**Student:** 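Okay, handing you the structure first.
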Amino acid sequence: MSESAKIEKKWQKQWEKDRIFEVDPDPNRKKFFLTVPYPYPNGALHMGHGRTYTVGDLIARYKRMQGFNVLYPMASHITGTPIFGMVDRVKRGDEDAIEQYRRDLRVYLDSEEEVNAQVKKFTDPWATVLFFTETISADFKALGYSIDWRRKFTTGDDIYNRFITWQYQKLMDSGYIQKGAHPLLYCPNCGNPVGEDDIKEGNTAKVKEFTSLKYPFEDGFLVAATLRPETTFGITNLWINPTAKYVKADVNGELWIVSSTAAEKLKLQAKEVKILDTFPGSKIVGKSCQTIHDGRNIPILPADFVDVDNATGVVYSVPGHAPFDYIALRDLWEDPTELQAYGISADDVRGIDVVIMIEIEGGSEFLTKDVVEKLGVSSQKDKEKLEEATQEVYKAEFYEGVMMDNCGPFSGRQVSGVKDDIIKWLKSENRGDVFYEPDERPVVCKCGTDVQVAVLAGQWFLDYESPGWKDKAWDALKMMGIIPENFRIMFESTFDWLAQRPCARRRGIGTPLPFDPEWIIEALSDSTIYMAFYTIAHKINQNKLKPEQLTLSFFDYVFLGKGKAEKVAQETEVSSDILNSMRDEFLYWYPNDQRHTAPSHISNHLSFAIFHHAAIFPKKHWIQCISLNEHMNMEGGKMSKSKGNTLPLGEMPKKYGADVFRTYAVSAAEPGSIMDWRERDVPAVRNRIRQFSEIMKKYSTKTPKIYRKKDKPTGITRWILSRVNSIVQECTDYMDNFRIRDYAITVMSEMIRTVNHYVNRTEVSKEERDGTMAYVCDRWVRLIAPMTPHVSEEFWSKMNQDGYVSLADWPKADKKLIDPSAEMAHTVVESTVRDIREIVKLLKDKKASAVHIYVAPEWMFQAMNSIRTKEISLIVGDIMKHLMSNPDFRTHGKQVKGIVDRIAKENGLWDHSMNAKEEMAVLKDSATYISSEIGMDVTIHDAAKPDYDPQNKARFALPGRVSLLLE
RNA sequence: GCGGGAGUAGCCAAGACCGGUCAAAGGCGGAGGACUUAAGAUCCUCUCUCGUAGGAGUCCAGGGGUUCAAGUCCCCUCUCCCGCACCA
């Protein structure tokens, strides 16, 4: 085991032994309650998960050092089918799945025998949950997360089920839960709704809603389905595939003619279907039916393009607006011979008038015809071009079209807004219905059966559109902090479209619906307010409360303060002391001050959490803030177990070290953007931690001394004291604003550079350097501790500090030590060195051995300062006028012009010392340093009266921009 | 389709809200130097082009515009990524 691994283990054990992250309410301290969503233990977590939890821990540790009583808890989410799915695969002997688990297991188990023995246990769901729950918490501990583990639970625990039971009873009481029919993808063979995991092919398929139109025919209806019901005003005929199988069926008491496959689908879509007769399409071709809007008789014509497996297999024809229909009709006009078999004369067909019922202002009169001709569609078999034409016509007519005056009550309306009203009208006339299809084909279940859309009656759903609910949720969102703020708009659009959502399934782990126990509350619906459960979970366990004691009035009292403790105690046999301590603990920790996770949860989990909090808790207990960080990629590609381009999270501390992983996870990208894990960048992170360690090793145990002005320290000591305190301030600001990457870069790279520069300056005495550096180390170890807690803890203990750095005070910037003139001086010296180097480079092989530095005359400093304090606009004339009005400057007229030109060119003023004397002192102070940097003798001159200036360089000197002569 | 986002030097990635201090932080990669018997590690310097004096030129997907001034603001175009529900 490496040295750093030993250190990490050592401190993790110490923390656990001293229970420093186990927190209880302390009325004397401000609290901070941070949550990150609990993981799903259906396998080992991978490194990508580590980013979010690490950021969470960084925040927890920062807040803790700031003096907050911080609660950062964790649990396990096991609701739903994934665990079952996994158990099934192992039982079935699915080699791919088993191999994947073996890979996970090898991280935790030493021998192949143990691995295989454990895989066998995965046939038991609870053994599986238990195993991965343990490994995940071991992973989290190995990464140094400051979690209060006493409060852990799983969502399959009895006590959790009681909590969710209470939640759903509350939602029911508020009228937010309803029962109804809802379309979903369904496998007729398995008899179950299918989720993404159950689909073999086409797993992005969604439910698409068609409007079915019932055209009166004989004693019933020919039922056509469409996505554009508004076009029924342009109907000229119906299309039937003459060779396909159709049925006449009793559908909910009406006689419908649809294709045979459509009849089967209708059965799944909550219709009572009795098939009365089966016949080929040819049987009805040639007959006529009536239109809906004006009751005209229109013919039923044959068409090959009609696909009876799509929708109802009956198509109504709108040649004016649908390229398919237009072409099919045109084909018949050109060759009507086929029609004779159905007793339709050529004249009948040629007599069909195309109806135009949508117009586009300034557009073509017969857009469909134009588009078809433009694309050169040859016949109805030319499917690709017809699709293209359909898209083009639809797009144009939908966005720009207006219903013409042959559209009854809808005349004059925009096409884009009329669809819903047309559907309403059709339904009110009993001529409209809905028909569902998947929006893509094929969609195949893992069992090999075609997936259909089913409308299951008795489905329970959360109605996010229930009166009042959304308003409350909006209120909650408005008062909530969202960081980064640009994610707020994603919440807003989610809130807009959130409507009814089924909340229970027939299978899986979870809590039965209290009012219909056949149904299990599904995973995203039982994880919305559980942050509240953390506040009491450990007390339920410590006091050995039984699930049946956790009644509705128990939770009502603890979470809502309803009822009297004595009465609830009587009912539940939980003593009122215990009840009150739970109530107090809940009141202490709640609300959840910050919830941190990935943006992919915005459209579901996070929005649900906001809604459910708004539904159940009073305003003061709503979530205060949501922070987000994006996912992690691996070497430029998306991480996924199946791709094999991922490492188990448990591997990270072993392979790289916890502090290294944490630093990478915080610093490699902004929270809002995707992070790329690049193996070859890891050594750089490790090196920086090592550099930090080296410096700490050397100086942290010295006796700190702060050299204040009265101690007359060297300029560079004043500089580092100023820099370090500025950095303390910057880091605090960064952390407060969730700019964690800037924090990481500043506290690592910037600090290392600063400190290295300081310790390399030879003009500082050993005593002064040691004392200063010991002070710097004390600031630094605290600043860096939230990110690299283990190595920080190690040095903290070596510094003979009390307790843990994890619990130490976050440093405050010592404003008295922040010294702009010291930092300015440093800038002047550094830019001087840079200038000399540049000249040296240009001199090429000509060697210089001495440099003369000329500091600008005092009046120039005064001139610069007078412009600065005047805050006049940077227009040449104005500055000129301002300076020339002062006789002290006017005597240097020509050089004043030079300064002003330079200001104009630079678009402003630049940094320099306060006056010539100071700039001179600074450079003299740093002369040995400059000399050692460039390997030349250094002489400093006053440009006003240079004692040596053979090339007349002195006149070019400006404040902060010394003039140089190299010899 | 609806909604969100991105395009910055060899690569990764800040800067954009709030225009000037931006040839553009930081890292990787590359070059040179210090240290070292050597390798490695570490530290320092350089890394758009031109330039024998600290300067100049060109640049932030492409095109146009606003402005004294644009990576940053506005418009258009191109390319890429993500979410859209019953799935955790």
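Residue numbers start from 1 in every chain, and the chains themselves are labelled A, B, ... in the order their sequence lines are given, proteins ahead of strands. Any value given below was found using the heavy atoms of this structure, including those in side chains, with hydrogens, waters and symmetry copies removed. Bear in mind that the values here come from a model prediction, so they are computed numbers and not experimental data.
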**Student:** Side chain of A:Ser749 only, heavy atoms from C-beta on: which candidate in B:G26, B:C86, B:A53 is closest?
**Tutor:** B:G26
**Student:** Between protein and nucleotides 3-6 of chain B, what N or O pairs are separated by less than 3.5 Å?
**Tutor:**
from: B:G3; atom 1: O2'; to: A:Ser493; atom 2: OG; distance (Å): 3.3

**Student:** Can you give one letter per nucleotide of nucleotides 11-18 of chain B, 5' to 3': B if a protein heavy atom sits under 4.0 Å from the base, S if only from the sugar-phosphate, - if neither?
**Tutor:** SSSS----
**Student:** Paired with B:U37: which nucleotide, if any, by Watson-Crick or G-U wobble criteria at under 3.5 Å for both distances?
**Tutor:** none
**Student:** If I take atom CD in residue A:Glu750 and atom P in nucleotide B:G27, what distance separates them, rounded to the nearest angstrom?
**Tutor:** 10 Å
**Student:** Using atom CZ of A:Arg690 as one end and atom C1' of B:A41 as the other, report the distance to the nearest whole Å.
**Tutor:** 7 Å
**Student:** How far, in whole Å, is B:G1 from B:C73 if one measures between their P atoms?
**Tutor:** 26 Å
**Student:** Nearest-Å distance, CH2 (A:Trp677) to P (B:G27)?
**Tutor:** 18 Å
**Student:** Which residues pass the salt bridge (charged side-chain N to carboxylate O under 4.0 Å, His left out) test with A:Glu492, sequence neighbours left out?
**Tutor:** none
**Student:** Ignoring the backbone of A:Leu524, work out which of B:C87, B:A41, B:G54 is nearest its side chain.
**Tutor:** B:C87
**Student:** Using purine N1 to pyrimidine N3 plus N6-O4 or O6-N4 for Watson-Crick, or N1-O2 and O6-N3 for G-U wobble, both under 3.5 Å, which nucleotide pairs with B:G26?
**Tutor:** B:C12
**Student:** Is the A:Phe495-A:Phe611 ring centre distance short of 6.0 angstrom?
**Tutor:** yes
**Student:** With rounding to the closest Å, how many angstrom separate the P atoms on B:C74 and B:U49?
**Tutor:** 33 Å
**Student:** Does the ring centre of A:Phe661 sit less than 6.0 Å away from the ring centre of A:Trp677?
**Tutor:** yes
**Student:** Quick one, A:Arg761 with A:Ser926, criterion side-chain contact (heavy atoms from CB on, under 4.5 Å). Give me CA distance, side-chain angles, the key distance, then yes/no.
**Tutor:** CA-CA 9 Å; A:Arg761 294 288 289 250; A:Ser926 308; 3.3 Å; yes
**Student:** Compute the ring centroids of A:His757 and A:Tyr929, then answer whether they are less than 6.0 Å apart.
**Tutor:** yes
**Student:** Counting Watson-Crick and G-U wobble pairs only, both distances under 3.5 Å, name the nucleotide matched with B:A6, or none.
**Tutor:** B:U79
**Student:** Determine which nucleotide pairs with B:C59, using a 3.5 Å limit on both distances of a Watson-Crick or G-U wobble pair.
**Tutor:** none
**Student:** Between atom CD in A:Glu630 and atom C1' in B:G83, what is the gap in whole Å?
**Tutor:** 11 Å
**Student:** Write down the distance separating the C1' atoms in B:C22 and B:A9, rounded off to the nearest Å.
**Tutor:** 13 Å
**Student:** What nucleotide among B:G83, B:G54, B:A53 has an atom nearest to a side-chain atom of A:Leu965?
**Tutor:** B:A53
**Student:** Please list all pairs passing the salt bridge (charged side-chain N to carboxylate O under 4.0 Å, His left out) test where one or both residues lie in residues 737-747 of chain A, with sequence neighbours left out.
**Tutor:** A:Arg739-A:Asp742
**Student:** Expressed as a whole number of angstroms, how long is the span from A:Glu730:CD to B:A25:C1'?
**Tutor:** 12 Å
**Student:** Between A:Val962 and A:Gly80, which residue's closest nucleotide on RNA chain B lies nearer the 5′ terminus?
**Tutor:** A:Val962
**Student:** P atom, B:G15 versus B:A25: distance in rounded Å?
**Tutor:** 13 Å
**Student:** Taking B:G7 as the reference, what is the distance to B:U77 when you measure between their C1' atoms (whole Å, please)?
**Tutor:** 14 Å
**Student:** What's the gap between B:G40 and B:A23 when it is taken at their P atoms, as a whole Å value?
**Tutor:** 38 Å
**Student:** Do the non-hydrogen side-chain atoms of A:Ser600 and A:His631 ever get within less than 4.5 Å of each other?
**Tutor:** yes
**Student:** Please answer whether the main-chain N or O of A:Glu465 pairs with a side-chain N or O of A:Tyr176 as donor and acceptor at a distance below 3.5 Å.
**Tutor:** no
**Student:** I need the minimum non-hydrogen distance between A:Tyr38 and A:Ser527, along with the two atoms involved.
**Tutor:** OH-CB, 2.9 Å
**Student:** Starting at CD1 of A:Ile602 and ending at P of B:C2, how long is that distance when rounded to a whole Å?
**Tutor:** 21 Å
**Student:** Is a side-chain donor-acceptor pair under 3.5 Å present for A:Ser525 with A:Glu522?
**Tutor:** yes
**Student:** When you match A:Leu966 and A:Arg688 each to their closest nucleotide on RNA chain B, which lands nearer the 5' end?
**Tutor:** A:Arg688
**Student:** A:Glu838 has a side chain; which of B:C87, B:G54, B:A41 sits nearest to it?
**Tutor:** B:G54
**Student:** Show each protein N/O and nucleotides 43-47 of chain B N/O combination with a separation under 3.5 Å, one pair to a line.
**Tutor:**
from: B:C43; atom 1: OP1; to: A:Gln691; atom 2: OE1; distance (Å): 2.2
from: B:C43; atom 1: OP1; to: A:Gln691; atom 2: NE2; distance (Å): 2.5

**Student:** What are the two closest non-hydrogen atoms of A:Pro39 and A:Ala75, and how far apart are they?
**Tutor:** CD-O, 3.3 Å
**Student:** Without decimals, in angstroms, what is the distance between A:Tyr436 OH and B:C86 P?
**Tutor:** 13 Å
**Student:** Does B:C84 have a Watson-Crick or wobble mate here (both distances under 3.5 Å), and if so which one?
**Tutor:** B:G1
**Student:** Between B:G55 atom P and A:Phe956 atom CZ, what is the distance in whole Å?
**Tutor:** 12 Å
**Student:** Could you tell me the Watson-Crick or G-U partner of B:A31, where both distances fall under 3.5 Å? Say none if there is no partner.
**Tutor:** B:U45
**Student:** So if I apply the side-chain contact (heavy atoms from CB on, under 4.5 Å) rule between A:His852 and each of A:Met936, A:His941, A:Gln951, which one comes out positive?
**Tutor:** A:His941
**Student:** Using the P atom in both, what is the distance from B:U42 to B:A53, to the nearest Å?
**Tutor:** 38 Å
**Student:** Under 4.0 Å, counting only non-hydrogen atoms across every strand here, what does A:Val759 touch: a base, just sugar-phosphate, or nothing?
**Tutor:** nothing
**Student:** Applying salt bridge (charged side-chain N to carboxylate O under 4.0 Å, His left out), can you list everything that pairs with A:Glu209, at least two apart in sequence or on another chain?
**Tutor:** none
**Student:** Write down the distance separating the C1' atoms in B:C28 and B:A13, rounded off to the nearest Å.
**Tutor:** 10 Å
**Student:** When you measure from the centre of the six-membered ring of A:Trp519, is the NZ or CZ of A:Arg505 under 6.0 Å away and within 45° of the axis?
**Tutor:** no
